[in-house]
2 protein chains.
Amino acid sequence: MAARPTSKTSESSDKVSVICRALRRAIIEQALEPGAKLPEDSLGERFGVSRTIARHALGQLAAEGLVELRRNRIAVVATPSWQEARDAFDIRIELERLVVRQLAGKLTKAQIAELNSHVDAEDGARGGADAVSIRLATEFHILLAQMTNSPILVRYVSEVAYRCCLTLSLYSRPHSTECAINEHRAIISALAKGDERKVMELMHHHLDSVANRALVAPTPQRGRDLLDILAPYADDVASDRVVKLPKVARRG
Amino acid sequence: MAARPTSKTSESSDKVSVICRALRRAIIEQALEPGAKLPEDSLGERFGVSRTIARHALGQLAAEGLVELRRNRIAVVATPSWQEARDAFDIRIELERLVVRQLAGKLTKAQIAELNSHVDAEDGARGGADAVSIRLATEFHILLAQMTNSPILVRYVSEVAYRCCLTLSLYSRPHSTECAINEHRAIISALAKGDERKVMELMHHHLDSVANRALVAPTPQRGRDLLDILAPYADDVASDRVVKLPKVARRG
DNA sequence: CAAGGTGAAACTGCATGCAATTGGAGCGCT
DNA sequence: AGCGCTCCAATTGCATGCAGTTTCACCTTG
């Protein structure tokens, strides 16, 4: 069970994939906030490709849930509801428990070293920008998933982790990354020991506490803006077209 | 918790989405076998759209893992390895346990009726084509997922279920759908009773037995064709380009 | 007859062009 | 000012065109 052939369907060095990666990163580092507009033209211009390609990339990202695509409208960075955020974390917990269950006691020394050095990097970035810390923390989980050698699992864990990352920028308050790092270390050590139960419990607790720390409250009223609040009520109206709102402060 | 707004990012009535749905269905009903070629031109012609659209659809399906896309080559219906099939089922088990856990004891009478009538339909189709039985069985699981009102969960369960469906056509022997139907009924009844533990156990057992019945053996030799058998050996060669095979019977 | 080379057809990768839709600034009316 | 209307720039939806790559039938050669 040393090494399975790695890639197959995903992410070659297509221009499309390049743009996807760039946007994904920009989104999880919060350079692009939820709701940010992503016009095909501008994207194409910025990346030096035609609209066709930019459009295709947006399609992929929409499939991953990072981007919202509405017919005839400018694509925007996704703005998951609080409930969706919670759902994403629930799914993530199950998937990552599966990851560590498969990994417990099966890691090579080299892999453990790789994990440790990643956490060291997380540690080193503690003083820097929040965005980088978040990205590194996310990448730790993806790194774990990759060690299962299961492309499907990698894909799902990555996707759901990115989504969670996205929600952090919406609902999170300034957080201390410190304990998360310690939890990462604890997980590595339990993995090395091969204690399956323990590591699953650790991962569960880790993600659950991240979720609880991040997703502060059901936010009954302080949703992002009017549109979000009214969205459910719009179901009765013909399409998803809201009635027509008086001018109101919108974020850029 | 009556009804959350349904769609958002996914599957409007784009031409692209239409094609995706059509192909997805064709694939899971095995009208398109794994390995079948999907040239953009032909697709476009058949669905009365341009290559651009067909291409975009293929991109989406590739993101779902139903189609394999290799640069400059004709897209083909995915041919998952046995290991990937097993991985898919493992993930599916976790996801669907999550589904029924969320659903236990929370279904309305109408929903239970809907589930029952679906299983009746499965029952009715027992005499007919295998393809239809398989599709209906898969749709039962997707129906369950939809009742969670969690779009993310719906998406992942659907995707992974389709993938599993695909693997069935590769590695399955003629199977009896009968017991699967009974298991579906048992799940409904446990859901209605609200017995969370029981229903999770039932679902686990159900999927596990489907997987074990389907994924017969590591299939050391009887892979689909020469190319598959040789694929691992091709890793040493420069790219993924196999050495050059003597002419040999290929399907198609 | 098998192995290898060759050219045309098939196909993909990508850009561009055109029609249709949207959104928002500006204007007039109250 | 507030509200509604109109019209134009911005933007998307989609088809088509061209260049580069792959595939495959056919032909040549040993």
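Chain A is the first sequence line, chain B the second, and so forth, proteins listed ahead of strands; every chain is numbered from 1.
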Can you tell me which nucleotide in [options] comes closest to the side chain of [X]?
{"X": "B:S50", "options": "C:dA15, D:dC14, C:dT22", "result": "D:dC14"}
{"X": "A:K37", "options": "C:dC11, C:dG24, C:dA15", "result": "C:dG24"}
{"X": "A:I74", "options": "C:dC14, C:dG23, D:dT12", "result": "D:dT12"}
{"X": "B:K15", "options": "C:dG24, D:dC14, D:dT22", "result": "D:dC14"}
{"X": "B:T52", "options": "C:dC11, D:dT12, D:dT16", "result": "D:dT16"}

message = Between the side chains of A:R163 and A:E84, is the shortest nitrogen-to-carboxylate-oxygen separation below 4.0 Å, so that they form an ion pair?
response = no

inquiry  = If the threshold is 4.0 Å, N to carboxylate O, is there a salt bridge linking B:R135 and B:E122?
reply    = no

key: Base C:dG17 paired with A:R51 side chain (donor-acceptor, <3.5 Å)   = yes

In whole angstrom, what separates [X]'s [atom1] from [N]'s [atom2]?
{"X": "B:E45", "N": "C:dA10", "atom1": "CD", "atom2": "P", "result": "12 Å"}
{"X": "A:H56", "N": "D:dT12", "atom1": "NE2", "atom2": "C1'", "result": "17 Å"}
{"X": "A:D41", "N": "D:dG13", "atom1": "CG", "atom2": "C1'", "result": "13 Å"}
{"X": "B:I53", "N": "C:dT12", "atom1": "CD1", "atom2": "C1'", "result": "16 Å"}
{"X": "A:L38", "N": "D:dT11", "atom1": "CG", "atom2": "P", "result": "12 Å"}
{"X": "A:I19", "N": "C:dA15", "atom1": "CD1", "atom2": "P", "result": "9 Å"}
{"X": "A:N72", "N": "D:dT12", "atom1": "CG", "atom2": "C1'", "result": "6 Å"}
{"X": "A:R71", "N": "D:dT11", "atom1": "CZ", "atom2": "P", "result": "18 Å"}

key: Non-hydrogen side-chain atoms of B:V77 and B:L166 separated by less than 4.5 Å   = yes

message = Using the salt bridge (charged side-chain N to carboxylate O under 4.0 Å, His left out) definition, which of the options B:R73, B:R46, B:R55 pairs with B:E40?
response = B:R55

message = Would the distance check show the side chain of A:H56 and the main-chain N or O of A:S17 forming a donor-acceptor pair, the cut-off being under 3.5 Å?
response = no

ask   = Is there a side-chain polar atom (N or O) of A:R55 under 4.0 Å from OP1 or OP2 of D:dG13?
value = yes

